[in-house]
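We count ligands from 1, going down the list as the structure has it; atoms in each ligand are counted the same way.
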Amino acid sequence: MQTKIGIIGGSGLYDIDGLENPKWVNINSPWGVPSDVILTGELGGVDVAFLPRHGRGHVHSPSTVPYRANIDALKRLGCTDVISVSACGSFRTDMAPGDFVIVSDFIDRTFAREKSFFGTGCVAHVSVAHPVCARLGDAVELAGHAVGVNIHRGGTYLAMEGPQFSSLAESKLYREVWHCDVIGMTNMPEAKLAREAELCYASVAMITDYDSWHPDHGSVDISDIIATLGANSTAAKTMVADIAVRLGKARDVCPCGCDRALDFAIMTAPDA
Ligand code: ADE
């Protein structure tokens, strides 16, 4: 089997550098129109497909991103793996703006999004007990160290609906009671859909702020977020290229089982 990496770029990452044989492709999906046309090519000889989550020009809010169409389009293009890049706020003093976090778990508090490919005609219940791929996480961690960014392995990501940022009481609840590490608006239902599509998924979240809990920092300010994203986008792009080379062209079955998630998940009888 051959690796093809889907890269979903978040705020501040609307393209990638150094792509060989670049080609923009339009993918039709029964789940709607993806966020944008998809840029395909190779990084270090490895096939990649890049999709800006919010669309170029940032036209989709976290609630209107067509998550199902995006994951389906990457699957239809033959992607085997998905690296999600996104911005997040931090609940920890040791996870500072400019740092990267390889997310290890999620609390999904989104409520206004389509979250499954299944439900009408075919019912399936996949496990998301371990929602990210540890094999991909290893590659992201090594790439982060090689590129020289401050990268943290592991962190629970609170996925909120938005588009408003959290109130102080919410921020304290997520930090002090639920012990979340970071907060963002876009990794769910993306991670769940990737699992349903049997795609390995890793999320690398770039910290842009301390949300609203930190006594020495004011409320979240979008101009500060944009400045932090701008300062770190080159590192994110270099890291993505390094991940591709580390994963390499040849691909075996996933030791975590992400690529076989449906094996025991479908409830509906084949002839129903
Ligand atoms: N994205 C970046 N910072 C964020 C925050 N504090 N809350 C939610 N999403 C974010």
Original post:
How long is the span from the CG atom in D181 to the OH atom in Y157, to the nearest 0.5 Å?
Top reply: 13.0 Å
Subject >> Test item: side-chain donor near acceptor, D99 and H152, under 3.5 Å >> reply: yes
Subject >> Residue portion contacting ligand 1 (non-hydrogen atoms closer than 4.0 Å) for C88 >> reply: backbone
Subject >> atom 3 (N) of ligand 1 [closest protein heavy-atom partner, distance rounded to 0.1 Å] >> reply: D209 OD2, 2.6 Å
Original post:
Quick one: nearest non-hydrogen protein atom to atom 9 (N) of ligand 1, plus distance?
Top reply: G184 CA, 3.5 Å
Original post:
Do the side chain of E161 and the main chain of A112 share a donor and acceptor less than 3.5 angstrom apart?
Top reply: yes
Original post:
Where the side chain of T3 meets the backbone of K249, is there a donor-acceptor pair that is under 3.5 Å apart?
Top reply: yes
Original post:
Hey, which atoms in ligand 1 end up nearer than 4.0 Å to a heavy atom of V220?
Top reply: 6 (N)
Original post:
Can S84 and R53 be counted as having a side-chain donor-acceptor contact under 3.5 angstrom?
Top reply: yes
Original post:
What atoms of ligand 1 come within less than 4.0 Å of a heavy atom belonging to I225?
Top reply: 2 (C), 3 (N)
**OP:** Just jot down the ligand 1 atoms closer than 4.0 angstrom to any heavy atom of D211, in number order.
**Re:** 5 (C), 6 (N), 7 (N)
**OP:** Look at atom 4 (C) of ligand 1 and say which protein heavy atom is nearest, naming residue and atom and giving the distance to 0.1 Å.
**Re:** G89 N, 3.5 Å
Original post:
For ligand 1, which atoms sit closer than 4.0 Å to a heavy atom of M160?
Top reply: 8 (C)
Subject >> Side-chain donor/acceptor of T268 to backbone N/O of V123, under 3.5 Å >> reply: yes
**OP:** Return the residue, atom name and 0.1 Å-rounded distance of the protein heavy atom closest to atom 2 (C) of ligand 1.
**Re:** T208 OG1, 3.3 Å
**OP:** Please confirm whether the backbone N or O of A73 pairs with a side-chain atom of S29, one donor and one acceptor, at under 3.5 Å?
**Re:** no
